[in-house]
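Working notes, beginning with the structure itself.
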Amino acid sequence: MSAPHRVELKNLQKSFGTLDVLTGIDLQIPAGEVVVIVGPSGSGKSTMLRCVNLLEQPTGGQVLLDGIDITEDGVNVDRMRQRVGMVFQHFNLFPHMSVLANVTLALRKVKGMPKAQANEIGMARLAEVDLAQKADVRPTSLSGGQKQRVAIARSLAMEPEVMLFDEVTSALDPELVKGVLDVMSNLARAGMTMMVVTHEMGFAREVADRVIFMDGGVVVEDGPPRQIMENPQSERLKAFLSQVL
Amino acid sequence: MTDTTDRVDAGSSGVDPLGRRRPRGSDSQPALALVLGVAALLAAPVVIWVVDVGIGGLLVPAVGLAAGTVTKRYAAQIDYSPPGDPVMRRAELGRLTGLTGMLVFLVGGLLRWITTNEQLGILQDLLFDLGRFAEAFPTLLGEGLRITLIAWVIAVVIGQILGVVLALMAISRRRIIRALAIIYIDIFRGLPAIITIVLVGIALPLAGLRPFGRNPVFYASFALGLVATAYIGEIVRAGIQSIDEGQMEAARSMGMSHGQAMRLIIVPQGIRRVVPPLTNEYIALLKDTSLMFVIGLSANSRTFFEGRDLFRVGQNLAQQYGNYSPVVLAGIFYLVLTIPLTRLTNYLDRRLRSGRGVDHTGEDETPELPSAGGQA
């Protein structure tokens with residue numbers, strides 16, 4: 001067998017009390033692949049994503065990163081998370097520090113990098129999202145789109161192997177969405193392995209290598225964007241597409 | 001009575017833009033109000049000095065004020081009467097003269113009372129004796145203020161440090177640690193501070209436990225610190241719990257440990273949010289240092305940390321002089337300390353509420369400031 005998949009989910013299950021959100025997900029994502037996950041709300045998309053870096057503890061099954069099961073006891077979760085970046089719907093920037101400090105905090109405190117070196121990397125990441133000029137301001141003074149680009153730069157500063165995007169444009173005003181999607185497209189082109197939960201079907205069509213349609217806690221369809229969007233097999237996907245397209 | 005020159009002055013008076021006419025006869029009311037107001041103003045001093053009817057004399061100028069106010073309201077609501085309208089001007093003048101009459105009456109009455117009352121002279125000698133002020137001032141400043149500030153600083157430092165620890169215990173995932181925190185808070189918030197001070201300052205040394213030597217100031221400060229810990233713990237806990245969960249998730253997703261996320265992200269933001277109630281607690285603590293007299297303070301300042309606090313110095317000097325001016329002066333010392341702190345609290349509160357220093361990170365949550373937790 002060739003190199004292990006970057007991310008692999010084996011019969012992943014998650015319940016909240018009596019509510020079964022994920023009822024058995026199997027998924028393999030090779031390095032460099034961009035996977036867009038779509039589906040109606042409540043289908044378990046976000047929960048699945050949050051299981052990949054163990055923000056949610058799975059109740060069954062396995063999550064493998066580069067072939068290593070991270071759900072096993074004894075795995076250093078903090079170290080694992082350094083390799084998995086995550087961007088949230090509500091940005092979750094740290095309001096009590098400057099934009100640059102947001103980006104460099106984990107470099108300094110988690111990787112133990114000297115401040116000067118961390119600042120250099122931080123400024124480079126901010127420049128990539130076109131926000132170097134905002135390095136010294138507080139996140140409060142930024143627009144939603146700018147906040148989200150800072151959040152992406154903050155994740156990228158840790159040089160993760162996988163990036164998770166959880167509805168990152170859902171809280172943005174429509175005119176600010178494109179700037180964030182552009183940053184994500186560039187990242188995809190640069191070869192980042194990405195799992196993207198989104199409602200932006202245009203982004204799925206143009207950037208994704210693969211689109212996954214989830215419903216009721218399982219993967220219903222899985223294929224290239226053209227196939228999923230133009231030739232849906234299941235009734236559920238057809239119904240979903242008629243709603244969003 | 002509508003007089004023609006008024007109409008010319010006011011331009012549109014009498015007819016409003018919608019074409020409503022001012023009801024007939026209403027013009028005479030402002031005139032009456034003016035007459036009443038002026039009469040009240042003139043009558044006020046006469047009532048005070050000549051007739052001397054006591055507080056009942058207030059009725060005279062009150063009539064002028066009431067007439068003016070009512071007329072003005074009436075004119076503004078029923079009629080169309082712009083501010084410059086002579087009818088309005090008359091009503092306003094009636095109100096103002098009535099108001100001035102009342103002020104004249106009150107001030108005059110007070111002056112009359114002060115100048116004729118013998119009791120007041122005694123009161124002044126006993127509480128505001130400037131000579132005694134001057135005599136007491138050096139001791140209050142050199143000993144009282146020093147000890148009060150020492151005790152306050154010790155209590156604040158203990159309360160703030162242990163308070164944060166207690167807050168973290170109160171939100172611990174372990175039930176046993178949470179229970180310990182709740183028991184601590186229940187006890188030290190429920191006990192009167194004076195009992196805690198007695199137990200720590202008298203009972204502990206009597207039982208042979210003398211961690212702070214023989215200086216009662218340290219025992220009292222420590223006891224106050226224990227009390228403050230309970231209050232500050234609750235304030236900080238509320239602040240921490242008001243921080244959005246996404247902050248913790250973002251920190252953890254970058255590889256920070258739970259402790260790091262708490263220390264670097266959650267606690268700093270939580271404390272920032274509760275700065276106003278915290279300063280309130282500091283003010284309450286400053287005043288509570290005056291309770292330390294119950295464990296007996298030595299007037300001997302052998303070391304910098306020994307002596308009596310402001311209240312005790314004031315009280316001792318009052319007994320010595322047979323005059324309470326030192327206690328009043330001690331009170332003034334407290335006010336000089338607490339009023340600026342109160343202003344600072346209000347300023348910080350406004351600043352935090354106006355959004356500087358707090359941020360919503362894109363969510364439409366409103367930061368809930370826990371209500372002020374002063375106990376004194």
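Sequence lines set the chain letters: A, B, ... in the order given, protein chains first and strands last, and positions in each chain run from 1.
Both cation-pi conditions hold for A/Arg154 and A/Phe94: the charged atom is under 6.0 angstrom from the six-membered ring centre and inside a 45 degree cone around its axis.
Inspection of the B/Ser253 and A/Asn53 side chains reveals no N or O donor paired with an N or O acceptor under 3.5 Å. Judged by distance alone, the side chains of B/Arg273 and B/Ser242 do bring a donor and an acceptor atom under 3.5 Å apart.
Ranking B/Met248, B/Glu245, B/Arg252 against chain A, the residue ahead of the rest is B/Arg252, based on heavy-atom pairs under 4.5 Å.
Heavy atoms of A/Met80 lying under 4.5 Å from chain B are absent altogether. Using a 4.5 Å cut-off between heavy atoms, A/Arg50 touches chain B through its side chain atoms alone.
Under the 3.5 Å distance criterion, the side-chain polar atoms of B/Ser257 are matched with a main-chain donor or acceptor of B/Gln260.
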